[in-house]
Amino acid sequence: MDVKIGKMDGIFLVLCLLLGILGEEAFFRSEIGISYILFIVAFYLVFFWRFRGFPFSHQRFGYLILSCIWLLAASFFLYDNMFFHLLNIMVIPVLVIFHLVLVTGPKKMYWNQWTFIPYLFSRLLAAMKYNVSIMGLFSKGIKGGVDDSKYLVWKKILIGILISLPVLFVVLNLLMAADSQFSRIIGGIPQWFHKVDAETVMRFIITFVYTFAFFGLMQVLFHKQIKAIKQQWNIQTPQMDAVIAITVLVLFNLVYLLFALVQFKYLFSGTLKGDFTYAQYARKGFFELLFVSLINLSITIMVVNFVHRATVVTKRLTQFLQTILILSSGVMLASASMRLSMYEEAYGFSFIRVLSHTFMIFLAVIFLYTLIKIWVEKLSLFHFYFISALIYYTAINIINLNQIVVKQNITRYEQTGKIDVHYLNSLSSTGVLGLIELYEKDQYIGDLRKVLVERKNEMIQDNTPWQAYNLKKKEVENKLKGLNL
């Protein structure tokens, strides 16, 4: 790839270097907190400066993704939910790349079609090739004015050094083991370079990688779409026979109708037979029902997309059977939700249980839209699924599920006198705030004072750097200082 670096490209490279330094400071110095949203702000300031006047495409959808990116990045500053933080370390970079490629791509490139995936990867590959070309350009600059024969000699010397290093490492260790005086001399060498330690080298490498990752990708995207995958995918869509599909749907629906009758007879009516308690009955079937609901959704999607319905009769019959399948899945979701609620009444609320409730609400929305799609065929499933999943994931990051768990457990304590202090303590800063609230109401709850004293001692010993600054942690710190323990 033939590249030229102009004045603006040089300024942009310097900005990317500053971004690389900020990225290394934000993500590799300590725990991530406010540093993530500060980095995202800086990153998009550089992006919009570089792309000022650029004719962006897919702007409405692009703004939605951008809003989700900023909200997810802000969650590191607002809350300290480790589960979502670990997920977001992977999710946010993927969304950023998706967003950049989307808004700088061709207007005729539809993101909800399979052709967008190879286009996205082609941009990433082009960015790598661009950086290789940049390295070649720098190499020519270093070589400039040097005789070809001398340049070749130095190149061979460098190759010889690289080949010798692994063998020299083994030989030096053997010689150091054989002679103690030699070992002392060699062992003292690192002190000569004490300022250039492994950590400094690693930070330099990280900054270097960040700099050219940002520079290469945005340069490739800025120089418009280089032959933006114009070929059409002529892949034949696999077709399933309508009779086979109808047979499968009939068998599944018979089983699910029987299951629905059982649910209405026992669970929904409030009567159980046998030795099961409600809590045992709830625990026994929740995840199984959730998994079956997902299987049903998969079957429905396959029938909608791949079944060849040649006649009006087969078309209406498959629609009818799919409708029954969706409604049966709705009964399963309702049953799973009731089981989970009973289990919470018996054993209390947890993050996973509350998250499961939100996921069932999300599934209910998906099933409802799928039901509409069965009868209104022009609707796009993937388009709705992707946007719904993106909004759902962002929402559960922002609404602070831990806060819901804490409030529900405190309400349960006021009603039953039961509370798991140690579990609330595991719910990061939000859980500690709940414990403080409990302590202000009743100081004699078992282990409560002990847990809060331990937390206060940890807070005194903790010297939090600016990167890890977090609003919830600061709130806990202020309340623990004012708490008489």
Side-chain angles (χ1 to χ4, degrees), residues 83-84 87 248-249 251-304 321-374 381 384-385 388-389 391-393 395-397 399 401-409 411-412 416 420 423 427:
F83 175 78
F84 285 130
L87 282 177
V248 171
L249 289 171
L251 292 174
F252 271 86
N253 282 333
L254 287 174
V255 174
Y256 293 152
L257 287 173
L258 178 62
F259 178 83
L261 289 174
V262 172
Q263 299 307 292
F264 281 109
K265 184 176 182 181
Y266 293 112
L267 189 61
F268 297 154
S269 64
T271 59
L272 283 176
K273 291 184 178 180
D275 298 327
F276 284 120
T277 64
Y278 276 111
Q280 290 170 333
Y281 191 70
R283 186 175 186 178
K284 187 175 177 61
F286 169 73
F287 288 106
E288 289 84 349
L289 287 177
L290 207 57
F291 187 65
V292 170
S293 298
L294 291 173
I295 290 174
N296 292 348
L297 182 62
S298 302
I299 292 171
T300 305
I301 292 171
M302 288 178 65
V303 172
V304 166
L321 291 171
Q322 285 176 279
T323 302
I324 295 176
L325 191 68
I326 292 291
L327 295 176
S328 300
S329 301
V331 172
M332 290 180 193
L333 282 179
S335 176
S337 181
M338 290 186 66
R339 289 167 188 260
L340 187 57
S341 297
M342 290 189 297
Y343 194 72
E344 286 169 336
E345 288 176 10
Y347 297 104
F349 295 80
S350 71
F351 174 77
I352 293 298
R353 292 165 200 163
V354 172
L355 181 63
S356 298
H357 274 300
T358 66
F359 184 65
M360 285 188 289
I361 294 171
F362 168 68
L363 275 183
V365 173
I366 290 296
F367 274 120
L368 180 61
Y369 183 85
T370 307
L371 179 61
I372 297 171
K373 162 66 178 175
I374 290 170
L381 281 181
F384 182 82
Y385 287 174
S388 299
I391 293 173
Y392 164 72
Y393 181 76
I396 59 176
N397 271 267
I399 61 176
L401 295 182
N402 280 345
Q403 184 67 43
I404 298 173
V405 175
V406 170
K407 283 187 176 181
Q408 292 295 332
N409 277 298
T411 302
R412 181 173 177 268
T416 65
D420 187 343
Y423 179 72
L427 293 176

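- Expressed to the nearest 0.5 Å, how far CG of N253 lies from CG of L325 amounts to 5.5 Å.
- Taking 4.5 Å as the limit, every side-chain heavy atom of N409 sits out of range of all side-chain heavy atoms of D420.
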Just do the side chain to side chain contact (heavy atoms under 4.5 Å, CB included) check on L327 and F367 with the steps written out, would you? CA-CA 9 Å; L327 295 176; F367 274 120; over 6 Å; no
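- Legend: residues meeting side chain to side chain donor-acceptor pair (under 3.5 Å) with S341, ordered by chain and number and at least two apart, are absent.
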Step by step, work out the side chain to side chain contact (heavy atoms under 4.5 Å, CB included) result for L340 and H357. CA-CA 8 Å; L340 187 57; H357 274 300; 3.6 Å; yes
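- The side chain to side chain contact (heavy atoms under 4.5 Å, CB included) check on F359 picks up L290, L294, F362, L363, Y392, with sequence neighbours excluded.
- Of the possible donor and acceptor atoms, none in the side chain of N296 sits under 3.5 Å from a partner among the backbone N and O of I326.
- Scanning both residues, Q322 and T300, for their nearest heavy atoms gives NE2-O, 3.4 Å.
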Go through the steps to decide whether Y369 and L381 satisfy the test side chain to side chain contact (heavy atoms under 4.5 Å, CB included), and finish with yes or no. CA-CA 8 Å; Y369 183 85; L381 281 181; 4.0 Å; yes
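- With sequence neighbours left out, the side chain to side chain contact (heavy atoms under 4.5 Å, CB included) criterion links L87 to F83, F84, M90, Y393.
- For S328, there are no side chain to side chain donor-acceptor pair (under 3.5 Å) partners at least two apart in sequence or on another chain.
- No donor-acceptor pair under 3.5 Å is formed between the side chain of S388 and the backbone N or O of Y385.
- Between Y423 and F349 there is no side-chain heavy-atom pair separated by less than 4.5 Å.
- Inter-residue side-chain proximity for L401 and I399 is flagged as met; some heavy-atom pair is nearer than 4.5 Å.
- Residues that satisfy the side chain to side chain donor-acceptor pair (under 3.5 Å) test with R353, not counting sequence neighbours, are S350.
- Taking OG of S356 as the reference point, atom OH of Y343 lies at 11.5 Å (rounded to 0.5 Å).
- Residues satisfying the side chain to side chain donor-acceptor pair (under 3.5 Å) test with Q403, not counting sequence neighbours, are none.
- Listed here is the closest heavy atom pair of L333 and M360: O-SD, 3.9 Å.
- Heavy-atom minimum distance, E344 versus V354: OE2-N, 4.2 Å.
- To the nearest 0.5 angstrom, I295 atom CD1 is 9.5 Å from M332 atom CE.
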Checking side chain to side chain contact (heavy atoms under 4.5 Å, CB included) for the pair L249/I299: CA distance, chi angles, key distance, verdict? CA-CA 9 Å; L249 289 171; I299 292 171; 4.2 Å; yes
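- With contacts defined as side-chain heavy-atom distances shorter than 4.5 Å, the pair I366/F384 qualifies.
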